[in-house]
J.: 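What follows is a single structure, and I will ask about it in a moment.
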Amino acid sequence: MNILVTGGAGFIGSNHVRLLLETTTDRVVNLDVLTYAGNLANLAGLEDNPQYRFVLGDITDRQKVREILAGESIEAVVHFAAESHVDRSVEGPEIFVRTNILGTEILLEECRRAKVKRFVMVSTDEVYGSLGNDGMFTENTPLAPNSPYAASKAAADLMCRSFFKTFNFPVIITRCSNNYGPYQFPEKLIPLMIANILEEKTLPVYGDGMNVRDWLYVGDHCSAIDKVMRSGKEGEVYNIGGCNEMPNLELVHLLVDKLGKSRDLISFVKDRPGHDLRYAIDAGKIMNELDWKPSLDFSKGLDLTVAWYVENRTWWEEIRTGEYKKYYQQMYGNRGGHSSGHGDANG
Ligand code: NAD
Ligand code: DAU
């Protein structure tokens with residue numbers, strides 16, 4: 001099968017490209033514009049793989065999308081490309097509207113035109129809003145996004161739904177909880193905290209640290225997406241999660257303790273505006289209907305993740321010092337990509 005992965009130079013996308021190349025004979029084309037979050041180092045070693053091609057380009061560039069779909073005879077699309085960070089969406093929502101909503105709409109239109117047979121929209125549990133102390137998100141929970149990021153993902157989901165209802169276009173939506181693992185950009189909680197702990201920098205915990213997230217190892221998210229792409233039912237939504245709820249402060253304590261540093265590094269800082277209190281995913285549908293389950297428990301996944309960031313210090317140090325941005329400026333400065341214009345993630 002010829003698969004187009006969008007956003008394959010980001011955290012989850014790069015893990016997904018690796019999964020596809022390691023476990024299938026499918027041809028994989030990766031379309032990524034390399035924003036601040038896209039990093040070709042995430043795909044190191046794949047450059048000469050004959051099953052794989054990287055294309056520098058923007059999902060809002062209709063002509064480029066059209067050329068790839070036709071030129072590569074694409075049969076299935078797994079759509080990761082997005083602006084993904086909630087805090088950045090609070091600072092500047094516009095690029096979220098452009099990439100996440102308009103980009104998805106352009107992809108949908110072009111894929112329909114090209115008669116793509118499968119379109120997997122990689123969405124998020126944040127479209128459901130926030131839970132109180134009880135309950136879980138199911139696929140029937142009403143959409144109630146609270147951040148500009150979540151609102152842009154919900155809008156994209158609804159555009160996907162409309163393409164199924166109106167055009168019978170074969171789209172499937174996945175909604176996953178918080179991912180963690182190798183190659184996650186160090187602006188997100190777990191890699192930010194690990195890097196700061198290793199450098200003995202302050203650990204900024206928002207509010208009282210009692211917000212709860214439901215963590216899933218990235219490889220398990222990718223295996224679920226692949227299951228959905230191959231055997232999911234068109235027009236359906238599948239929640240993905242691993243039943244690993246934890247308050248942020250408890251998680252930060254775990255990381256500090258694992259790395260043998262002092263909890264005194266923790267600093268409680270001003271809360272995120274509109275900060276969702278709790279996420280928890282009911283993944284019963286994908287488990288029962290598609291026979292998927294996570295392969296790792298949280299303790300094992302976290303050990304692997306901490307070990308990866310310890311062993312791959314250069315990877316995140318280069319991001320935090322801006323070295324990788326200089327490199328991209330040299331490599332791609334004149335080649336038509338764009339940056340989302342956001343700053344560093346130095347913690
Ligand atoms: P990320 O920020 O690490 O990567 C996003 C990638 O998309 C980058 O490589 C970036 O260069 C690319 N991109 C951005 N704008 C683009 C454009 N206009 N054209 C082409 N490429 C573009 O994000 P991530 O954490 O890997 O998330 C991937 C997807 O999964 C997103 O759609 C996100 O909403 C969803 N998701 C993430 C999580 C999570 O915990 N990280 C959980 C559930 C769902
Ligand atoms: O639930 C899925 C979502 O998970 C994805 O859709 C998003 O793309 C992804 O970024 C993630 O969103 P969160 O906002 O939950 O992730 P983040 O890592 O930014 O924050 C996790 C929790 O940690 C959240 O409650 C805010 C808190 N936090 C975060 C940072 C960066 C802190 O307390 N301090 C921090 O410095």
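Indexing begins at 1, ligand by ligand and atom by atom, following the structure's order.
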J.: May I ask whether Thr6 has any heavy atom positioned less than 4.0 angstrom from an atom of ligand 1?
T.: no

J.: Judged on heavy-atom distance to atom 5 (C) of ligand 1, which of Ala37, Gly7, Ala82 sits nearest?
T.: Ala82

J.: Determine, using heavy atoms of Gly57 and all atoms of ligand 1, whether some pair is separated by less than 4.0 Å.
T.: yes

J.: Have a look at ligand 2 and work out which part of Leu192, if any, has a heavy atom under 4.0 Å from it: side chain, backbone, both or neither.
T.: side chain

J.: Of the choices Tyr279, Phe80, Phe96, which has the non-hydrogen atom that lies closest to atom 29 (C) of ligand 1?
T.: Phe80

J.: Under 4.0 angstrom from ligand 1, any heavy atom of Gly8?
T.: no

J.: Side chain, backbone, both or neither: which part of Arg98 comes within less than 4.0 Å of ligand 1 when only heavy atoms are counted?
T.: neither

J.: Among Trp215, Phe11, Phe185, which residue places a heavy atom closest to atom 25 (O) of ligand 1?
T.: Phe11

J.: Could you pull out, from Tyr149, Phe185, Tyr206, the option with a heavy atom nearest to atom 35 (C) of ligand 2?
T.: Tyr206

J.: Output the list of atoms in ligand 1 that are nearer than 4.0 Å to some heavy atom of Ser123, sorted by atom number.
T.: 43 (C), 44 (C)

J.: Tyr180 near ligand 1, heavy-atom distance under 4.0 Å?
T.: no

J.: Which atoms of ligand 1 are found less than 4.0 Å from any heavy atom of Leu34?
T.: 11 (O)

